[in-house]
Amino acid sequence: MKSSLLVLGVSTLGIGASPLYAQDDVKIGFIVKKPEQAWFINEQDAASKLGEQKGFEVVRLSGEDGQQVLSAIDNLNSQGAQGFVICPPDVRLGPAIANRAKQYGMKVVTVDDQFLGADGKPMESVPHLGMSGYKIGQQVGETIAKEMKARGWDPKSVAALRISNNELPTAKARTDGATDALVDAGFVKDNIFDAPQQNTDTSSAFAAASPVLSKNGNFEHWVIYALNEESVLGGVRASEQYGLSPDQVIGVGINGSGAAFAEFSREKPTGFYGTIAVSSTMHGRQSADNLYTWITEDKQPPANTETTGTLMTRDNWEQVREDLGL
Ligand code: FCA
């Protein structure tokens, strides 16, 4: 099954006086919050490949905090770039980033994590492409519920480790979707425990998960979910350290990146049961293409594009990987 695109916004034609560029002159930045994570490496690779095909240059940059993002933008400006795609390290930096881009006359689009305005609402003036977080979260919850049934678990014996990141709206949408689907399927609400992580990576998830497991030692089974597979893997590693065996744990992530491929390639199954795979190739390619078209044809991209996902497990991961062009 291929992931499909659901375009929510309407595209408006920019009527500004910005100059159009011959394609060889186009240079764009691609700034990501976690340059070491497979998801982001793949997005940047896909954007660079598109640039090679279409004849524009992609400058890959890290933006792990506000300072680094602002210097990346300065750097892009001094190289003559006309715009950038960004997954920001903190969505509340939106107005500052958009301002800096405006000062330099650069166009900006977000990928994955959408800017928040000063009013705390999504900044709709900046075109965005990202996951449909709530729906993909529901797929996580439904997958866990189905696997609990398949294993014959009594709901009373099962706790959920919800590794949460409520500061980041897409993360909250994803874990809310998973929670709702689980509760709809009969999961005991009081058995859901939050493990708030400080970041969106494995080590922050591991640190958040460990105390929650030790405080609730009376459960025979655990399910684990979070905004992404890197975080679920942190929870799974914590469950192993705590002494749970893989058949006591169902972890389901989101992304379908190299982190999941490595886990599925292990000789023996772990508590990481599956992940909802989304095409990072498409995210990187499409967001770069949207920006390129905006720069060269003055066509503003859709305000919001939401992408969907496919369940990937140890059994089908190679096929799904191929289907999604990963
Ligand atoms: C967020 C997460 C990433 C990925 C992306 C689509 O940025 O941190 O792992 O899921 O959304």
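We use all heavy atoms of the structure for the numbers below, so side chains are in, but hydrogens, waters and symmetry mates are not. This structure is a prediction, so every number in the text was calculated from the model and none was measured. Order of appearance sets the numbers: ligands from 1, and atoms from 1 within every ligand.
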**Q** Atoms of ligand 1 less than 4.0 Å from Phe40 heavy atoms?
**A** 3 (C), 7 (O)

**Q** Linking I/L/V/M/F/W/Y whenever any side-chain heavy atoms sit under 4.5 Å apart, do Leu291 and Val26 land together?
**A** yes

**Q** Please classify the Lys33 to ligand 1 contact at 4.0 Å (heavy-atom distances, strictly less than): side chain, backbone, both or neither.
**A** side chain

**Q** Quick test of your reading of the model: are Arg237 and Glu240 salt-bridged, counting only N-O distances below 4.0 Å?
**A** yes

**Q** Looking at Trp294, is Lys107 sitting on its ring face, NZ or CZ under 6.0 Å from the six-membered ring centre and within 45 degrees of the normal?
**A** yes

**Q** May I ask whether Glu43 places a heavy atom under 4.0 Å from ligand 1?
**A** no

**Q** What is the nearest protein non-hydrogen atom to atom 11 (O) of ligand 1, stated with its residue, atom name and distance?
**A** Arg174 NH2, 2.8 Å

**Q** Just to be sure I read this right, does ligand 1 sit under 4.0 Å from the backbone of Lys34, its side chain, both, or neither, counting only heavy atoms?
**A** neither

**Q** When you measure from the side chain of Ser62 to the backbone N and O of Glu64, does any donor-acceptor pair fall under 3.5 Å?
**A** no

**Q** Do Ile144 and Ile192 share a hydrophobic cluster, counting only Ile, Leu, Val, Met, Phe, Trp and Tyr and linking them when any side-chain heavy atoms are less than 4.5 Å apart?
**A** yes

**Q** Check the hydrophobic clustering (I, L, V, M, F, W, Y; side-chain heavy atoms under 4.5 Å; chains of links allowed) and say if Val108 and Phe40 are grouped together.
**A** no

**Q** Would you mind checking which non-hydrogen protein atom is closest to atom 2 (C) of ligand 1, with the distance to 0.1 Å?
**A** Leu227 CD1, 3.7 Å

**Q** Give yes if a backbone or side-chain nitrogen or oxygen of His283 is under 3.5 Å from a nitrogen or oxygen of ligand 1, and no if not.
**A** no

**Q** Quick test of your reading of the model: are Lys54 and Asp289 salt-bridged, counting only N-O distances below 4.0 Å?
**A** yes

**Q** Tell me which protein heavy atom sits closest to atom 1 (C) of ligand 1, plus the residue, atom name and distance to 0.1 Å.
**A** Asp113 OD1, 3.2 Å

**Q** For Met131, take its heavy atoms, then give the atoms of ligand 1 lying under 4.0 Å from any of them.
**A** 6 (C), 10 (O)

**Q** Students should be able to answer this: which protein heavy-atom is nearest to atom 10 (O) of ligand 1, and at what distance?
**A** Asn255 OD1, 2.6 Å

